[in-house]
**Student:** 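My questions will all concern the structure given below.
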Amino acid sequence: MTAGTRAGRREWLALGVLALPTAVLSMDLTALHLAAPSISADLAPSAAQLLWILDVYGFVMAGFLLVMGSVGDRVGRRRLLLIGAAAFVVASVLASLATTAEALIAARALLGLAGATLMPSTLALLADTFTVPAQRAFAIAFWMVAFTAGEAMGPVVGGVLLEFFWWGSVFLVAVPVMVLLLILGPFLLPESSRDLSGRFDLGGAVLLLVGLLSFVHGIKQVATDGVAWSAAAWVAAGPALGIVFVRRQLRSRDPLMDLRLFGRFAFSAGLGAQMLAVAAVAGTQLLVMQYLQATLGLTPLHAGLWTVPSVLLGIGATLLAPVLARRVRPAAVVAVGLGTAAIGAAVVTVTAPAMSLAWTVVGFTVLYVGVTPTLALTTDLIVGAAPPERAGTASGVAESGAELGLALGIALIGTAAMARYRTLVVRDAPAEVAGPVVEDAGRTVGGGLAAAEGLPVDAGVAMLETVRSSFAGAVQLAAALSAMVLVVGAGLAVGLLRGERRGTPSTPDSPEPADELR
C-alpha cells in the first residue's frame, strides 16, 4: 500500500491474522500465573527459580526484540513472523514436558526467543499495512484488544486445563493457534521489508541482553541471600554494560537502536509511560493470581473467572482510547488512565490484609482498566514517531519497553513482595514449628501451604493462617509499589506529552518528524 491509502478487505483480514500471535503470547503468560502454585508443588523450585520460570521469558524477549525488529526490517517481516511461530510451537511442547525447574527455565527462555520474532513483526506489518492515521490507530487498538482478549481467555482456559490436566497443558494452548497462523499467514499477509544497508550489530545485541540479565540476576540474589559483594557486582554490571551499549550505538554507522528516535518527546515519553504502566500491572497481577488461590482458597478455574470482568472492561476501554485521543490531548488520556489505575492499586493496598474477594476484584479491575487503554495510545505514539524504513526497529523498541516493563514488574515488585512474605513467615510462625520447616515455608507460598499440611492439626492450622496472612502482606506491598509507579507514569505523561496534539502524531500524513530522523 502507498502512504495514505485506505485499507481494504484484505488488509482487515490480515489484521485478524496478526492478532493471533498477540493473543497467544498474553494467554500463555496469564495461564502461567495461574499455574505457579501447581508448578511449585510439582517441581519444588526455589523462590529464585520460580521467579526465573515466570520472568525469564519476558527478559529474553525484551533482550532480543530490538534484534529481531532489525532482522525483520532486513529479511522480511512476514518471513520472520512465520519462522517465529514454528519455533514457538516447538518451545511450547518442550515447556509442557519439563520435569525439573531448570528444564522449564530453559524452555521458557526458548519461548522468549521465539516470541521476540513475533511481536515486532506483527506491529511493523500493521504500520506498513495501515497508513491512514485513524485506521492505524484503530488497528493498533484492535491489536491491543487481542492481547487483552488473550489475557481474558488465559485464566479461563488455563483454569479448565489445570482443573483436569497437569500444569504443562497450559503451554500447549499456543500450539493450535500458531499452526493456524502458519497456514493463513502466507496467503493473507504481505511481505514487508526495507533495503537497509550496513552490518547487523550482533555485538550490541549481546551487550544489551547480558547487561539486562546481569542486573536481574543480581536483584534476585539480593532478595534470596541478602546483600553480598557478588550480588552487588551483578547489579552494577547491568548499568555498566548498558552504558557501553549506548556508547556503541552512538559511534556505530549501523546501530541496532537509532537513538535519535529518543529526541521525539512522543517516542521517549510514550516508551517511559508504557514501561511503568506494564511494570505496575504485571507486578500486582502475578501476586493477585496467587493470592486468590493461596490466601482466599479459590481453585485455578474460579480464580481465572474472577479476572474476566477486568479484562472485558479493559477491552472496552482500549477501543475507546483512540476515539478519546482524537478529541483531547494524548497526555490527558494517558495521565487519567494511569491515575485511575493508581487508585485501583491503592484499593488493593488498603484491603489486602482483610482477605476480601470482593475488594480484591474491584481494586484489580480498576487497576487493569486504567492501564490497558494507555498501552494502545503509547504504542501508537512510539511507532508513529519512526520513519517507515525503521518500522520494525521502532516496533521492537515498543515491544521491548512493554516486555521489559513486564519482566521488571515481576522481578522487582515480585522479588520485594516475596522478601516481605519470607520476613513475615519467619516472624509470625508458631513457636512449636521447627526452624527448617519455617525456612521451607518462607521460600514460596506453595511451599508454605505444603509445609502447613505436613504438620499436626493444631500447628498446621496456625501455620496455614501465618502463610495466608504473610502472603496478604506481600500483596499489600506489591500493590503499594505499583500505585507509586503508576503515579510516576502519570506525571511523566503530563510533563512530556503535553505538547502532543490531538490525534496521532508523527504519521505518514505529517512527515516532518520522520524526515528529521532520516
**Student:** Between W167 and L43, is any pair of side-chain heavy atoms under 4.5 Å apart?
**Tutor:** yes
**Student:** Any chance you could measure I343, atom CD1, to L338, atom CG, to the nearest 0.5 Å?
**Tutor:** 11.5 Å
**Student:** Could you tabulate the donor-acceptor pairs under 3.5 Å formed by side-chain atoms of residues 473-493, not counting sequence neighbours?
**Tutor:**
| unit_1 | atom_1 | unit_2 | atom_2 | d |
| --- | --- | --- | --- | --- |
| Q476 | NE2 | T349 | O | 3.0 |
| S482 | OG | A280 | O | 2.9 |
| S482 | OG | T284 | OG1 | 2.5 |
| S482 | OG | A478 | O | 3.0 |

**Student:** List the residues meeting side chain to side chain donor-acceptor pair (under 3.5 Å) with T374, not counting sequence neighbours, and say none if there are none.
**Tutor:** none
**Student:** Could you measure the distance from the CG atom of L298 to the CG atom of L357? Nearest 0.5 Å is fine.
**Tutor:** 5.5 Å
**Student:** May I have the step-by-step check of side chain to side chain contact (heavy atoms under 4.5 Å, CB included) for S169 and F164, ending in yes or no?
**Tutor:** CA-CA 10 Å; S169 63; F164 299 104; over 6 Å; no
**Student:** Taking all atoms of both residues into account, what is the closest heavy-atom pair of L172 and S96, and its distance?
**Tutor:** CD2-OG, 3.5 Å
**Student:** Which heavy atom in F364 sits nearest to a heavy atom in V348, and how many Å separate them?
**Tutor:** N-CG2, 3.8 Å
**Student:** Go through V93 and F88 one step at a time and tell me if the side chain to side chain contact (heavy atoms under 4.5 Å, CB included) criterion holds.
**Tutor:** CA-CA 9 Å; V93 173; F88 204 90; over 6 Å; no
**Student:** Hey, does R422 have a side-chain heavy atom less than 4.5 Å from the side chain of S470?
**Tutor:** no
**Student:** Check whether any side-chain heavy atom of S356 sits under 4.5 Å from a side-chain heavy atom of T351, and report yes or no.
**Tutor:** no
**Student:** How close do M355 and S469 get, heavy atom to heavy atom, and via which atoms?
**Tutor:** CE-CA, 3.5 Å
**Student:** Measure the CZ-CG distance between R468 and L296 for me, rounded to the nearest 0.5 Å.
**Tutor:** 8.5 Å
**Student:** Quick one: does any side-chain atom of W359 pair with a main-chain N or O of A354 as donor and acceptor, under 3.5 Å?
**Tutor:** no
**Student:** To check you understand the geometry: which heavy-atom pair defines the closest contact between S214 and G238, and what is its length?
**Tutor:** CB-N, 4.3 Å
**Student:** Nearest 0.5 Å, please: how far is CG in D428 from CE in M463?
**Tutor:** 9.5 Å
**Student:** How about V361 and T365: do any of their side-chain heavy atoms sit closer than 4.5 Å?
**Tutor:** yes
**Student:** Hey, what do you get for CG (L287) to CZ (F471), rounding to the nearest 0.5 Å?
**Tutor:** 4.5 Å
**Student:** Name all residues meeting the side chain to side chain donor-acceptor pair (under 3.5 Å) criterion together with E102; count only those two or more places apart in sequence or in a different chain, and write none if there are none.
**Tutor:** Q49
**Student:** Determine the minimum heavy-atom distance between V235 and P239, stating which atoms define it.
**Tutor:** O-CD, 2.9 Å
**Student:** Would you call V461 and E465 a side-chain contact if the rule is heavy atoms closer than 4.5 Å?
**Tutor:** no
**Student:** When you look at V366 and T340, which way does the side chain to side chain contact (heavy atoms under 4.5 Å, CB included) test go after all the steps?
**Tutor:** CA-CA 7 Å; V366 174; T340 301; 3.8 Å; yes
**Student:** Quick check: do L111 and S92 have side-chain heavy atoms less than 4.5 Å from each other?
**Tutor:** yes
**Student:** For a side chain to side chain contact (heavy atoms under 4.5 Å, CB included) check, start with the C-alpha distance between V467 and Y421, then their side-chain angles and the critical distance, and finish with the verdict.
**Tutor:** CA-CA 8 Å; V467 168; Y421 166 75; 3.5 Å; yes
**Student:** List the atom of I53, the atom of P45, and the distance in Å for their closest heavy-atom pair.
**Tutor:** CD1-CB, 4.3 Å
**Student:** Would a distance-only check, ignoring hydrogens and angles, find a side-chain to backbone donor-acceptor pair under 3.5 Å from T117 to L113?
**Tutor:** no
